[in-house]
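Notes follow once the structure below has been shown.
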Amino acid sequence: MTSAPAAPPARAYRRLGVEERRAQLLGAALTLFAHRAPDDVSIDEVAAAAGVSRPLVYRYFPGGRQQLYEAALGSAADQLTLCFAEPAVGPPTERVSRVLDRYLGFVDQHDAGFSALLRGGSVAETSRTSTIVDGVRRSAAEQILLHLGRGGGPGQEPAGPRLRMMVRTWIAAVEAASLIWLDEEKQPAASDLRGWLVDHLMALLAATAASDQETEAVVADLLGQETADGPAGRLATLIIPVAGRAAHLLSPEDAAPGAGPVD
């Protein structure tokens, strides 16, 4: 007599703790928001992606999609803020390059959700979501100022208004460039975009240094840490010949050796 085959062992069910379950739901929501605008994502889809019931999602997020979106946005904001955290090791422009590599990787991974987040216009957009996004921008600016020696870190003086405005302007340009990059089907290559954004930062610093003594001191210190084969050295190789073509625009006084910036 042939015995019946043994039944497969039942899958062990593990009940998730509150924080684990919340993290699971946020992860599912972030995956959906990464590729679609928040208006197009339903609670049912989040539940299906997480493998749970719709009532369970509401148990953790009784405010529904809006509360879930704000929580997911806060989680994404934490991840994005971490992109800008970089140890103060090596030349500043190389640190900023590593920051931008992580940032553009985040933009690439979150694609449509990143675009929807920064463009606004969603029914899910509120003063709270705007505050979350603005917090990321301010945190990113503070991290860049740290690498410029003016972030209020140990032994650092806080940045003055001109330098702070310049850095926040650059952060806005990085954000705008990221959105355009998505519109242009991620062209040019991320590495080329990163290099251009580092060049942009250096150009803004140089232009601001021409009329701001604090920024002039920051640039002098920064250049002292740079290397010939790094981003700053590469940019100098490209710009110095171009700048030389403007010699006819200088007055005799400005062209004299040792002439400094105008206060």
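All of these numbers come straight from a predicted model, not from anything done at the bench.
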If we count only N and O atoms by modelled type, under 3.5 Å, do the side chains of Ser42 and Asp44 hold a donor and an acceptor together? no
Kindly list each side-chain donor-acceptor pair under 3.5 angstrom involving residues 242-250, sequence neighbours excluded, with atom names and distances?
from	atom 1	to	atom 2	distance (Å)
His248	ND1	Arg245	O	3.1

Between atom CD of Glu216 and atom CG of Leu163, what is the distance when rounded to the nearest 0.5 Å? 13.0 Å
Residue pair Leu73, Phe33: steps toward the side-chain contact (heavy atoms from CB on, under 4.5 Å) verdict: CA-CA 9 Å; Leu73 178 58; Phe33 290 137; over 6 Å; no
Decide whether Leu56 and Tyr58 are clustered together by the hydrophobic rule: side chain heavy atoms of Ile, Leu, Val, Met, Phe, Trp, Tyr closer than 4.5 Å, transitively. yes
Verify, without hydrogens or angle tests, whether Thr169 (side chain) and Met165 (backbone) share a donor-acceptor contact under 3.5 angstrom. yes
Across all chains, not counting sequence neighbours, the side chain to side chain donor-acceptor pair (under 3.5 Å) partners of Arg22 are none
Would you say the side-chain atoms of Arg194 pair up with the backbone N or O of Ala189, donor to acceptor, closer than 3.5 Å? no
Given side chains that start at C-beta, do those of Val89 and Arg95 come closer than 4.5 Å, heavy atoms only? no
Output, in order, the C-alpha distance, side-chain angles, deciding distance and verdict of side-chain contact (heavy atoms from CB on, under 4.5 Å) for Glu214 and Glu157. CA-CA 10 Å; Glu214 178 195 17; Glu157 299 177 10; 5.8 Å; no
Would a single hydrophobic cluster contain both Ile144 and Leu146, if residues Ile, Leu, Val, Met, Phe, Trp and Tyr are joined by side-chain heavy-atom contacts under 4.5 Å? no
Ile239 reachable from Leu222 in the ILVMFWY side-chain graph, under 4.5 Å edges: yes
Please name the pair of heavy atoms, one in Glu94 and one in Pro231, separated by the smallest distance, quoted to 0.1 Å. CG-CD, 3.7 Å
Any donor-acceptor pair under 3.5 Å from Gln156 side chain to Gly151 backbone: yes
For a side-chain contact (heavy atoms from CB on, under 4.5 Å) check, start with the C-alpha distance between Asp108 and Lys186, then their side-chain angles and the critical distance, and finish with the verdict. CA-CA 8 Å; Asp108 185 26; Lys186 300 176 183 176; 2.4 Å; yes
Scan the side chains in residues 195-209 for donor-acceptor partners under 3.5 Å anywhere in the protein, sequence neighbours excluded, and list what turns up.
from	atom 1	to	atom 2	distance (Å)
Asp199	OD1	Arg234	NH2	2.8
Asp199	OD2	Arg234	NH2	3.2
Thr208	OG1	Leu204	O	2.8

Of all heavy-atom pairs linking Ala71 and Phe61, the shortest is CB-CE2, 3.8 Å
Does this structure show an ion pair linking Glu86 with Arg98, if we count only N-O contacts that are shorter than 4.0 Å? yes
Partners passing side-chain contact (heavy atoms from CB on, under 4.5 Å) against Gln79 (at least two apart in sequence or in another chain): Leu30, Ser75, Phe106, His110
Does some side-chain heavy atom of Pro158 sit less than 4.5 Å from a side-chain heavy atom of Arg150? no
Verdict with supporting geometry, Arg137 and Glu175, salt bridge (Lys or Arg N to Asp or Glu O under 4.0 Å): CA-CA 9 Å; Arg137 294 170 179 145; Glu175 184 178 298; 2.7 Å; yes
Non-hydrogen atoms of Pro188 and Asp192 that approach each other most closely: CB-CB, 4.0 Å
Would you mind reporting whether Gln143 and Val99 have side-chain heavy atoms less than 4.5 Å apart? no
Do the side chains of Leu82 and Leu80 join up, straight or via other hydrophobic residues, at under 4.5 Å, putting them in one cluster? no
Could you give the distance from CD (Glu45) to CG (Asp40), rounded to the nearest 0.5 Å? 8.5 Å
Show your reasoning for whether side-chain contact (heavy atoms from CB on, under 4.5 Å) applies to Val219 and Thr215. CA-CA 6 Å; Val219 170; Thr215 308; 4.3 Å; yes
In terms of side-chain geometry, is the basic nitrogen of Glu142 or Arg164 positioned less than 4.0 Å from the acidic oxygen of its partner? yes
Qualifying residues under ring-ring contact (aromatic ring centres under 6.0 Å, His included), relative to Phe84, sequence neighbours excluded: Tyr103
Is it true that a side-chain atom of Glu70 and a backbone atom of Gln67 form a donor plus acceptor pair closer than 3.5 Å? no
Which atoms form the tightest heavy-atom contact between Ala72 and Leu26, and what is the distance? N-CD2, 3.6 Å
Do you know the tightest heavy-atom contact between Trp181 and Ala190? CZ2-CB, 3.8 Å
Apply side chain to side chain donor-acceptor pair (under 3.5 Å) to Gln24 and list each qualifying residue two or more places apart in sequence or on a separate chain. Arg21
Once you round to the nearest 0.5 Å, how far does CZ of Arg138 lie from OG1 of Thr81? 13.0 Å
Which pair of non-hydrogen atoms, one from Asp134 and one from Arg168, has the smallest distance, and what is that distance? OD1-NH2, 4.0 Å
